[in-house]
Structure formats: C-alpha cells, structure tokens
Amino acid sequence: MQNCRMRGFLFFLCLSLVGPAWAAYGYALWGDLKYPANFSHFDYVNPQAPKRGELRLVSNLRVSTFDKYNPFTMKGSAPAYLSDMLFDALLTGALDETAAGYGLLASDVEVAADGLSATFKLRPQARFHNGDPVLAADVKHSFDTLVGPHTSPAYKTLLEDVAAAEVVDELTVRYRFRKANRELPLRVGGLPVFSRQWGVENGVAKSFDKVVMDIPIGSGPYRIGPVRFGKDITYVRDANYWARELNVKRGSHNFERITVKIYKDSTARLEALKAGEFDLMRFFSAGDWARRVTGKRFDSGELVKTEFRHRLPSGFQSYVLNTRRERFKDPRVRQALGLALDYEWMNRQMFYNAYQRVNGLFGNTDCQASGLPEASELALLEPWRSEVPGAVFGNMTVPPRTDGQQSLRGNLRQAQALLKAAGWEVRDGVLKNARGETFVMEYLDSNEAGARVVTPWARNLEKLGIALKFRPVDFALYQQRLQKFEFDITSLAYGGTHNPGQEYADLFGSKAADVEDSGNMSGIKSPAVDALIGAMTAARTRAELLPACRALERVISHSHILIPQWAAGTHRMAYNSWRLQGPPAMPPYAAGEGWAIDTWWAK
C-alpha cells in the first residue's frame with residue numbers, strides 16, 4: 001500500500017529552520033535558497049507552455065471509488081489528487097531543490113529570533129474559488145480544524161508543538177510555537193488552506209466530520225468538474241486562478257481538464273491503457289513493466305514506456321510486524337522471520353532485477369547510517385544502552401542475503417536458533433512454544449495479486465514450522481483494519497525524506513502507538529526512539545541532525561519491527577506521445593505522475 005496520507009502536506013515537513021530572525025520571499029532549511037528574489041519561474045517548467053487539452057490518467061489509489069470530497073477527515077475515501085488540485089498553502093516547494101519553500105499564498109515569512117513564532121503576510125490578490133479573498137482568519141480556521149477532533153490524528157502529532165495560529169490583521173497570520181523547532185515555520189507553511197465558508201449551510205457551520213460531499217472551497221488551480229462515481233472524476237482548470245502568473249506557478253497546471261479514471265484492478269488498468277482509454281500510467285509492478293507493457297500502440301510509437309531516474313530517498317517499503325501481537329514481542333522472533341525472506345531469488349525470478357534492497361529508514365540520503373556508530377551517535381545512544389538492542393552499538397544492519405558466501409539454508413539455520421532461544425521449537429513439523437501454541441500468522445492485503453509476492457516467503461517460513469496465511473480483503477475493510485491495528489503483518493511503502501523530523505513521532509512514537517488511525521503501525525513503544533526523534537526535531541544544524549537520524553535508524557533497524565523490501569531508482573511511466581508533451585528532463589525530486597500533472601501540456 002502506498003502510504004499517501006497527507007502527501008501534499010508532508011512534502012513540506014522538512015523545510016524549516018530555527019536561528020536568527022528571517023524575513024524573506026522564501027525559506028531555506030540549511031542554507032541559501034536556490035532561486036533569487038523575483039525569479040521568473042522554476043527552471044524545470046516551460047513558461048510558454050500552452051494552456052489547453054486534457055490529461056487522462058488512472059488513480060494512484062487502490063480504492064475502486066470514492067465517497068467524499070473532504071480529504072482531511074478519517075472516514076471514507078476521497079478522490080485521487082484532490083488535495084493538490086484544490087488547495088494552496090502559504091508556501092510551496094520546488095522539484096529541483098530540497099529543504100526549501102517559496103511564498104505562494106504568503107508573500108513573506110518572518111521567523112522570530114528566538115524561533116518561537118513565524119509570521120506570514122498574505123498576498124492581497126489571493127482568492128478562493130468562490131471569489132472571496134484568502135484572509136488570515138481562513139488560515140487560522142484551517143489550522144484549528146486540522147488539529148481538531150475530526151481529522152487524522154497524524155495532524156495532532158505533527159503539530160503538537162504549535163501553540164496557536166493568531167490573526168494579527170486581515171492579511172497577517174502568526175503561528176506561535178511551544179518551543180523552538182527547526183521544522184515548525186515551514187511545517188505550518190505547508191498546511192492546506194480552505195475557506196471558512198466550506199461546510200456552511202444557512203449561515204451555520206457544520207461539524208467538520210459532517211462536511212462530506214460539500215464541494216471544497218479552496219484556492220488551488222483546479223475545481224471539481226464532471227464526476228461519474230465508480231468510473232472517473234474530472235478536475236477543471238480555474239481560468240481565473242489567482243496565482244496563474246505568480247513565479248512559483250508560471251508554466252504549471254497547463255491542462256484545461258485532468259480526468260482521473262478508476263479501474264477495479266491492475267489488469268483492467270493495463271488493458272485500458274492499451275485500448276487508448278487514458279494517456280498516462282505509472283507502473284509499480286516489475287512484471288507488468290517487463291512483460292506486459294506491449295501492443296500495437298507501443299509498436300506505432302503512440303504509447304511510449306520510459307524510466308525517469310530520480311534522486312528521491314528510497315523510503316522504507318517494508319513488511320510491518322504488529323508488535324501489539326504477543327508472538328511478535330520478542331525481537332529474536334522478528335529477526336528470524338526476516339531471515340526467511342529470500343530477496344535475491346525474488347528479485348531474479350519475479351522482479352526482473354528491477355529493484356534494490358531497502359535497508360533502514362533513510363536510504364539514498366545523508367541521514368543513512370553505515371558501519372559502526374560515530375562518537376556523535378554514541379553520545380545520543382549511550383543513555384539508552386539498557387533500553388535498546390545491544391547490536392545497535394555495533395555495525396549497521398545489512399539485510400540477509402542468499403548469494404555469495406550466504407545461503408538460504410544458512411539463514412534458516414540462524415532463524416531456527418533465534419526461535420529456539422525465544423522459546424519456539426519444531427514439534428511434529430510445527431513450530432510451538434512451551435504452552436503448545438502453534439506459530440500461525442496472517443498477512444493482510446487489499447489485493448489478491450499480493451499472494452504471488454508473499455508465497456515464496458511463506459514457503460520458506462513453512463520450513464521453520466511457521467504458517468503464514470494470506471488474507472485478501474476489499475480496500476475499505478483493509479483500511480479499517482489498519483486504522484484499528486487489527487492485523488499481524490502487512491506491507492506498507494513509507495516515503496523517505498532528506499530532512500526527517502516530527503513526522504517520525506507519528507510513525508514510531510510511543511504516544512502514537514495507542515492512537516487509532518495513527519501512523520505507528522508496528523506499535524513500537526520505546527523511550528529511546530522518542531528521545532532520538534526529539535533530538536532530530538530539536539536539531540539546529542545539519543551537524544546536529546545527522547547523528548540523531550542515524551542513531552534512530554540504527555535503533556529501528558536492529559529492533560526488526562520492519563522487514564525491508566525493495567525500491568526502484570526510477571519512475572516507470574507509459575504515456576501517449578501523440579497527445580502529451582513535457583519538459584526535456586525530469587527534475588530530480590519529482591514524484592512521478594505528479595511531475596506530468598504539474599508541468600506537462602497537451603500537444
């Protein structure tokens with residue numbers, strides 16, 4: 001499952017800086033902004049791109065329909081891409097730069113010298129879709145709503161150090177912080193802003209959880225157009241979009257219409273692409289990409305398949321073990337399960353050697369740990385020596401291999417020894433503990449095709465006497481069970497970041513472990529982890545950040561709550577070259593189809 005929760009907001013989580021007072025058109029985390037004041041446009045766009053035509057693509061979500069237009073509440077499913085299409089934020093990022101943001105709704109951001117507040121001056125020309133000006137009161141309303149009782153608890157975790165949003169005057173809003181934190185100014189700068197009139201009926205505002213099918217009142221480049229439930233939704237470009245000539249938007253949002261089509265499964269999507277029903281599709285299946293992206297439209301050159309290389313973090317797509325379950329509480333058991341995964345065989349036989357193995361949280365970033373911990377890391381880890389696995393103080397984890405000097409047989413022998421030490425032994429061909437309980441676990445997925453990938457692992461686990469049962473359910477039930485942590489094992493694709501911070505409290509913090517619908521799927525509760533996340537968020541310089549995130553990566557990896565899977569260094573996309581055209585090169589930090597949505601145009 002793609003972990004897409006609050007994707008647009010999370011893009012900005014790592015951009016802020018605490019230090020001397022800062023007042024400018026943009027904000028850089030660790031140094032200078034790439035683009036100067038009054039720059040004309042981002043380098044990767046075509047400022048002369050025509051505004052016309054339609055982009056037809058498929059939903060990037062697993063859901064086969066949607067039942068609400070409110071992307072912020074917990075219940076239900078909103079249409080793909082809605083938040084990015086309809087809502088602007090105070091600040092926006094560039095796709096060729098990390099750790100920086102530029103004014104969108106805000107023309108200026110000023111951070112106090114003590115780091116305890118950030119003040120944003122709104123652009124007087126900013127308008128919502130209903131024609132109302134975007135005012136400081138709307139920014140405050142949006143913040144208050146997002147940290148209220150009816151939205152994802154992740155917002156409350158991420159914004160727990162934001163004391164309040166205050167209206168200074170009609171066009172000035174000030175965020176006050178409970179403590180100085182390098183992330184906070186641009187974390188709040190990345191929040192979506194919506195009108196106070198959204199959800200108002202007969203002059204009375206509805207409770208936000210009752211704002212379901214009310215058309216959002218945002219200030220973004222698109223509005224909701226024609227909708228065919230269960231089939232597609234069309235976003236229509238706002239011809240009067242207030243920011244269309246702003247430097248951060250020039251050359252972007254070039255399609256008059258963007259239609260997102262919905263299909264029930266990947267096979268239907270692929271056949272629809274070949275039939276010409278839509279123009280762009282990103283591929284996550286190595287098998288489809290290698291063997292099935294073929295046909296007459298590809299032969300004629302109408303459809304083109306291309307791999308676009310990026311420099312994004314590899315993230316940490318993993319099998320997640322729910323440590324709330326008694327059988328997963330012992331780290332030796334968790335490590336043994338990982339030893340039964342034969343990645344090299346899977347990559348060779350199933351993935352066409354398309355992937356690299358994930359290791360840790362921060363692959364392809366400066367935060368990635370390697371070798372032995374340095375002195376600065378040890379200084380953070382030492383107070384927690386009795387609370388973390390002893391291996392944390394040794395070399396960084398390396399996923400087990402089954403080639404070279406290692407083998408699956410050797411890995412399984414090691415797994416047997418770990419299981420025996422944890423009180424599990426094979427009797428009558430079945431792994432049992434001292435109470436005679438068998439080791440049976442369920443793998444939860446919303447896609448029946450997932451059985452193909454998990455089956456080789458299940459066969460190896462069977463050699464250890466462990467039964468892994470594959471349980472496919474429809475997406476609505478899958479989502480509900482994840483929200484309530486009702487699963488043994490599942491697979492999640494966590495996005496990485498070059499500048500980790502408070503979002504990791506939602507993923508691994510002790511408080512989040514007991515909060516329904518939080519991001520702490522593994523259920524880990526560790527004061528050491530909490531302290532290291534605190535050290536990351538409190539870092540004032542990169543020299544303080546890097547030891548903290550590397551130490552955190554060591555603790556999480558050696559805790560074996562995640563069994564690392566795989567990642568690709570490219571975006572695999574097929575598109576209609578007769579209908580679509582884009583800039584000559586993809587910016588290094590673009591997220592696949594998002595680049596096409598933002599910067600391509602119709603021929």
Side-chain angles (χ1 to χ4, degrees), residues 157 160-161 179 316 318-339 359-362 367-400 414-424 433-434 485 494 500-515 518-539 543-564:
T157 300
E160 66 181 5
D161 289 329
K179 62 183 180 181
F316 44 106
S318 307
Y319 292 115
V320 182
L321 305 178
N322 186 356
T323 62
R324 300 172 185 86
R325 300 288 203 251
E326 186 63 34
R327 68 180 67 88
F328 297 136
K329 290 189 179 300
D330 193 313
R332 295 169 295 189
V333 170
R334 302 194 296 263
Q335 183 180 359
L337 298 178
L339 284 162
N359 186 34
L361 308 179
F362 304 124
C367 288
Q368 186 173 14
S370 62
L372 293 168
E374 297 179 353
S376 54
E377 298 171 55
L378 290 171
L380 295 169
L381 292 167
E382 194 60 46
W384 305 103
R385 182 174 284 273
S386 63
E387 302 281 345
V388 300
V392 165
F393 296 90
N395 282 307
M396 176 58 187
T397 55
V398 176
Q414 184 182 351
Q416 285 176 327
L418 288 166
L419 291 167
K420 184 175 182 179
W424 293 89
N433 62 14
F485 311 123
Y494 296 91
Q502 184 64 19
E503 69 271 30
Y504 283 78
D506 180 57
L507 298 177
F508 302 112
S510 296
K511 288 183 181 178
D514 296 323
V515 178
S518 80
N520 190 342
M521 294 295 170
S522 71
I524 185 173
K525 289 184 179 181
S526 165
V529 168
D530 297 337
L532 293 171
I533 293 171
M536 286 197 319
T537 60
E544 294 178 357
L545 171 70
L546 294 179
C549 58
R550 290 169 182 168
L552 175 67
E553 184 175 52
R554 292 178 189 278
V555 173
I556 295 296
S557 297
H558 282 292
S559 296
H560 301 288
I561 58 173
L562 306 173
I563 298 175

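- Side-chain atoms of Arg554 never come within 3.5 Å of backbone atoms of Ala391 as a donor-acceptor pair (strictly under, hydrogens ignored).
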Derivation and outcome, side-chain contact (heavy atoms from CB on, under 4.5 Å), residues Phe393 and Leu378: CA-CA 8 Å; Phe393 296 90; Leu378 290 171; 3.7 Å; yes

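- Looking at heavy atoms from C-beta onward, Ile561 lies out of side-chain contact with Leu321 at the 4.5 angstrom threshold.
- At least one side-chain heavy atom of Pro527 sits less than 4.5 Å from a side-chain heavy atom of Glu387.
- For Glu382, the side chain to side chain donor-acceptor pair (under 3.5 Å) criterion is met by Arg385, not counting sequence neighbours.
- Looking only at distances, a side-chain donor or acceptor of His558 sits under 3.5 Å from a matching main-chain atom of Asn395.
- For the pair Arg334 (side chain) and Phe328 (backbone), a donor-acceptor distance under 3.5 Å is present.
- Between Ala505 and Ala512, the shortest heavy-atom contact is O-CB, 3.6 Å.
- With Glu503 contributing its side chain and Gly501 its backbone, the two residues share a donor-acceptor pair below 3.5 Å.
- You'll find the side chain of Leu419 stays beyond 4.5 Å of the side chain of Arg332, heavy atoms only.
- Counting only heavy atoms from C-beta outward, the side chains of Ile563 and Ser318 never approach each other to under 4.5 Å.
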Pair Trp424-Asp330, side-chain contact (heavy atoms from CB on, under 4.5 Å): steps then yes or no: CA-CA 11 Å; Trp424 293 89; Asp330 193 313; over 6 Å; no

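- At least one donor-acceptor pair under 3.5 Å links the side chain of Ser518 to the backbone N or O of Asn520.
- Screening residues 523-533 for side-chain hydrogen bond (donor to acceptor under 3.5 Å, both in side chains) gives Ser510-Asp530, Asp514-Lys525 as the qualifying pairs, with residues at least two apart or on separate chains.
- From Gln502, atom CD reaches atom CD of Glu160 across 4.5 Å, with rounding to the nearest 0.5 Å.
- Nearest heavy-atom pair across Met396 and Ala369 is CG-O, 3.6 Å.
- Distance alone, capped at 3.5 Å, is enough to place a donor-acceptor pair between the Asp506 side chain and the Gly519 backbone.
- Residue-environment remark: NZ (Lys329) exceeds the threshold of 12 foreign heavy atoms within 6.0 Å.
- Below 30°, between 30° and 60°, or above 60°: for Phe508 and Tyr494 the angle between ring planes is between 30° and 60°, a tilted geometry.
- Closest approach of Cys367 to Arg550, counting heavy atoms only: O-CG, 3.0 Å.
- Rounding to the nearest 0.5 Å places OG of Ser557 at 8.0 Å from CG of Leu562.
- In the model, Asn322 has no side-chain atom that pairs as donor or acceptor with a side-chain atom of Ser522 under 3.5 Å.
- One distance of note links CD of Glu377 with CG of Leu532; it measures 10.0 Å at 0.5 Å rounding.
- In this structure, the side chain of Glu374 does not engage the main chain of Pro547 through any donor-acceptor pair within 3.5 Å.
- Using a 4.5 Å heavy-atom threshold, the side chains of Leu418 and Val333 count as separate.
- With hydrogens and angles ignored, the 3.5 Å screen pairs a side-chain donor or acceptor of Arg324 with a backbone N or O of Ala513.
- Put simply, the side chain of Ser559 does not reach to within 4.5 Å of the side chain of Pro331, judged on heavy atoms.
- If you look at Tyr504 and Phe362, their ring centroids are closer than 6.0 Å.
- Nearest heavy-atom pair across Gly360 and Phe316 is O-CB, 3.4 Å.
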Stepwise side-chain contact (heavy atoms from CB on, under 4.5 Å) test for Leu380 and Leu552: CA-CA 9 Å; Leu380 295 169; Leu552 175 67; over 6 Å; no

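- Taking every heavy atom of both residues into account, Thr397 and Asn359 meet most closely at O-ND2, 2.7 Å.
- A donor-acceptor contact shorter than 3.5 Å links the side chain of Glu553 to the backbone of Leu361.
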